[in-house]
Protein chains: 2
Amino acid sequence: MPRIVAERADVLPALGECFREHGFEGASLALIGAATGLGKGSLYHFFPGGKAEMATAVLAEIDGWFEREVFAPLRESESPAAGIARMFEATEAYFRSGRRVCLVGCFALGEVRDRFAEAVRSYFQRWVDALDLALGRAGASPDEARRHAVDVVGGIQGAIVLARALDDPEIFSGILARIRQGLMEMKTAS
Amino acid sequence: MPRIVAERADVLPALGECFREHGFEGASLALIGAATGLGKGSLYHFFPGGKAEMATAVLAEIDGWFEREVFAPLRESESPAAGIARMFEATEAYFRSGRRVCLVGCFALGEVRDRFAEAVRSYFQRWVDALDLALGRAGASPDEARRHAVDVVGGIQGAIVLARALDDPEIFSGILARIRQGLMEMKTAS
DNA sequence: GTCTATAAAGCGATAGAC
DNA sequence: GTCTATCGCTTTATAGAC
């Protein structure tokens, strides 16, 4: 007899979307209940720490996804170019051309930054570091790799902001394509 | 006999900081009262529409500041390079090296995007358009000007996100300096 | 114009039945 | 594991004194 919700991890995707759509403060337990199909009792059974624990779990799940799909390939791909290509493809798909916000970026900008500071910092630091490493392996100088890594990760976050503000997914795709092109030119220029 | 608060406009700066620090949902009337030094009665006297009207007024004030200090110089400066230089200087100062968030960008990412969609869209659209115009006047091709305008405005927003996430103001200043450098190279290359 | 008091609703969180 | 009922608090907003 299959249960709809077998374990805590099953509700994390819906939980994440709810936080993305409404923000941490805006995602009330009523909205979270509607999004997950669970009553407050069930939610507090899975997350005794309440909303804060829900957000922490969502951040950890997002972090795990990026670690697996983006950061690790950047660090470990046979060819650094392949890891970088994968980063752009995964990113474009994950953020749905800017229609889906980056919850970690939202938390960084928002009022809850201090509450989840370490998770936010670690996520972006590891992204920058992994890209830095890949660019170095691709032949960039240490300074060049570091600067470009920072610019690219920042550029992706800015692309989400601008695409949402102008309500135009092509803005996101266009910026990402040009960032990608810029990296390729850098690598061939060195 | 001087009053501390003579008119509505006098509380907008404190109101803006309160929204920046706590977000729209997070800025409760209690916090707003503390930030402005006004009781609820006075606040509703100045803003009969409540929090939504306060946020609208703050957005309008921010919009006016950027229109005056950034967009208009970009459009009207004798030399486009001077307008662009002024944009970077005003932006660096206004966002305090990324320690101060862009409220319009926050609203774009956050749950209140739809509520203030038109103000958010107009702010970013006019920024991009003004920079587009300046780059065109500086000698860039229409395509080149458009693309760079989008990339620069997005890049600035991303720099704020990343600087806040990594809690490192130098990230913001570094990204802005490289964006600025990139524009100068583009103009001399054409 | 500024205040306090208060209304009505919604909030996160808990308790306890099943 | 899931639910409903409820607690205690905070919220936005209003009313009315001064």
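Protein chains get the first letters and strands the later ones, always in sequence-line order, with residue 1 at the start of each. These numbers come from the heavy atoms of this one structure, side chains and all, not from hydrogens, waters or symmetry mates.
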Exercise. Would you kindly give the CG-to-C1' distance between A/Leu43 and C/dG12, to the nearest whole Å?
Key: 12 Å

Quiz item: Any Lys/Arg nitrogen of B/Arg146 or B/Asp129 sitting under 4.0 Å from an Asp/Glu carboxylate oxygen of the other?
Solution: yes

Practice problem: Looking only at side-chain atoms of B/Lys40, point me to the closest of C/dA13, C/dT2, D/dT12. | Solution: D/dT12

Self-check item: Toward the 5' end of DNA chain C, by each residue's nearest nucleotide, A/Glu25 or B/Gly37
Solution: B/Gly37

Quiz prompt | B/Phe46 side-chain proximity, nearest of C/dT2, D/dT2, C/dA13 | solution = C/dT2

Quiz item: How many Å lie between OH on B/Tyr44 and P on D/dT11, as a whole number?
Solution: 12 Å

Quiz item: Any ion pair linking A/Glu89 and A/Arg86 (charged N to carboxylate O, less than 4.0 Å)?
Solution: no

Quiz prompt | Residues A/Asp167, B/Arg121: salt bridge by 4.0 Å N-O rule | solution = no

Self-check item: Euclidean distance, atom CD of residue B/Glu7 to atom P of C/dT2 [Å, nearest integer]
Solution: 12 Å

Practice problem: Respond yes when some side-chain nitrogen or oxygen of A/His45 is under 4.0 Å from OP1 or OP2 of D/dT2, and no when none is. | Solution: no

Practice problem: Among the candidates D/dA5, D/dC3, C/dT2, find the nucleotide nearest to the side-chain atoms of A/Ser42. | Solution: D/dC3

Quiz item: Has A/Ser28 got a side-chain N or O lying under 4.0 Å from the OP1 or OP2 atom of C/dC11?
Solution: yes

Quiz prompt | Cation-aromatic face contact A/Arg8/A/Phe47, 6.0 Å, 45 degrees | solution = no

